[in-house]
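Structure first, then comments.
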Protein chains: 2
Amino acid sequence: MPAKGYSWSDAPRLAAPDPAPGLPRWEALAIDAVGNVIEFWGFKHNQGRVWAVLYLRGTSMTATQLEEELGLSKGAVSMLVRDLERWGVVVRIRQPGTGAWHFRAETDLVQMVRRVIQERETAFITRIRADLEEARRLAAASGVGRERLARLEKLAALAVGAERALRIFLRTARVDLSTLLVALGEGKLRSRT
Amino acid sequence: MPAKGYSWSDAPRLAAPDPAPGLPRWEALAIDAVGNVIEFWGFKHNQGRVWAVLYLRGTSMTATQLEEELGLSKGAVSMLVRDLERWGVVVRIRQPGTGAWHFRAETDLVQMVRRVIQERETAFITRIRADLEEARRLAAASGVGRERLARLEKLAALAVGAERALRIFLRTARVDLSTLLVALGEGKLRSRT
DNA sequence: GCGGAAGTTCAAGGAGCCTTGAACCCCTTG
DNA sequence: CAAGGGGTTCAAGGCTCCTTGAACTTCCGC
């Protein structure tokens, strides 16, 4: 349900399919699809793309490889993998023989997204509810007419309802996706690293 | 679940409570709360604020009043009410005796949000699914290794799952909020216009 | 019809987020 | 221990979306 840079009025424009120079089209398509989804949920487009290449390849990759494959700058890759690492969806390993780090995708991207969403959304709606309740209190204290008070209360009720709907969604999403997560996990990366 | 200008990393910062000069604090609080919610769902913060004042006041207001109360420019108000009108959550009425339009809030903001979300999200996820399927087709055609194909298929499965979860959410949200909508409606605006 | 207030449109300006690129640091290897 | 690739950081720039402000149009009332 969210949206970021996803406008209601005109064309929905998803990120251009071009920016991946040397990638086979199918891979670029899949990678960008993940990027779009991730962006949709409030993360950065390129965080999704990085995870996606790593996941699709199955092997581990160096920062330099990521730069080349995705057409990103050195600095960008550094920051992106740092985030992904922090969230535990990518691990960093030191390859013997080479002086470079290698990165590998964990399969729990979805879990991570759900967790973050949950925290974020819950905090948000809680805040809204608090504000509306505060408003109601202040309004009541300053002797606002009963009609207006009634309206305020209805708004507050809406917030409560929204919170419940959200909770239900997160629960069903968990149940619903957990089956898929199992599936994702069982092909368990036999990464030829 | 969406987010717009709602970052994961640092402080969640909601819009500053200041920009409403002459409004009593409770009103400003409530109005901004609505603004934040609406923005969260991908609309403009000020679209929410405009609807909110109109709703809370119960009376109809002129564009000039809206400008003053919310601290917006003439042009902004014009465009904002135009959008709200188009969505049917605000109606424009001509007041006899005055040469100015008056605006009044309809109570179906929530319905409107749900409808727009539904269209938008559905289109989005459908597009993602299509892309992933296309990717899979192309990959299969160009003889990609079975391991990679398997990963791609898992991604596609995820998209399908997400779509289902979304549909469930929209349904529960409708059921869940319809009760509230009834409540909202029955205090039916006795607008002293 | 005219005068003028109300409303609309749109180019220019502003704000926020993301990425780049270069300076800096670290750490391995020879 | 010196050399140099790899990684990190961060200020500057780019981009996108939103708002402003002013020219332009519309419409009411006299």
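The sequence lines fix the lettering, A, B, ..., with proteins before strands; numbering per chain opens at 1.
Taking atom CD of B/Glu67 as the reference point, atom P of D/dA22 lies 14 Å away to the nearest angstrom. Going from atom CD of A/Glu39 over to atom P of D/dT16 covers 12 Å, rounded to whole Å. Between A/Lys44 atom NZ and D/dG14 atom P the separation is 19 Å, expressed in whole Å. The nearest whole Å value for the distance from the CD atom in A/Glu85 to the P atom in D/dT8 is 8 Å. Residue A/Leu66 contributes atom CG, which lies 13 Å from atom P of D/dG6 at whole-angstrom precision. Atom C1' of nucleotide C/dT8 and atom CZ of B/Phe103 are separated by 11 Å, given to the nearest angstrom. Going from atom CZ of A/Arg82 over to atom C1' of C/dC25 covers 14 Å, rounded to whole Å. Note: NE2 (B/His102) to C1' (D/dC28) measures 13 Å, nearest angstrom.
The distance from atom CD1 of B/Ile93 to atom CZ of B/Arg104, rounded to the nearest 0.5 Å, is 5.5 Å.
Note on A/Arg137 versus A/Glu134: salt bridge recorded, some NZ/NE/NH1/NH2 to OD/OE distance being below 4.0 Å.
Picking from C/dT9, D/dT8, C/dG7 the nucleotide with the shortest atom distance to the side chain of B/Trp101 gives C/dG7. Side-chain proximity of A/Ser78 to D/dT8, C/dA6, C/dT19: nearest is D/dT8.
Phosphate contact (OP1/OP2 of D/dC27, side-chain N/O of B/Arg94, threshold under 4.0 Å): absent. For A/Arg92 and D/dT8, the shortest distance from a side-chain N or O to OP1 or OP2 is below 4.0 Å.
Not a single salt bridge (charged side-chain N to carboxylate O under 4.0 Å, His left out) links B/Glu67 to another residue, sequence neighbours left out. B/Ala139 pairs by the side chain to side chain contact (heavy atoms under 4.5 Å, CB included) definition with A/Trp26, B/Val144, B/Leu149, B/Leu152, not counting sequence neighbours.
Ring planes of A/Phe124 and B/Phe40: parallel class, angle under 30° (limits at 30 and 60°).
For A/Gln47 (side chain) and A/Lys44 (main-chain N/O), a donor-acceptor pair under 3.5 Å exists by modelled atom type.
When each of A/Leu72, A/Leu54, A/Asn46 is checked for a side chain to side chain contact (heavy atoms under 4.5 Å, CB included) with A/Leu66, only A/Leu54 meets the rule.
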Any N/O pairs under 3.5 Å between the protein and nucleotides 20-22 of chain C? List them or say none.
from   : atom 1 : to      : atom 2 : distance (Å)
C/dT20 : OP2    : A/Ser73 : N      : 3.2
C/dT20 : OP2    : A/Ser73 : OG     : 3.1

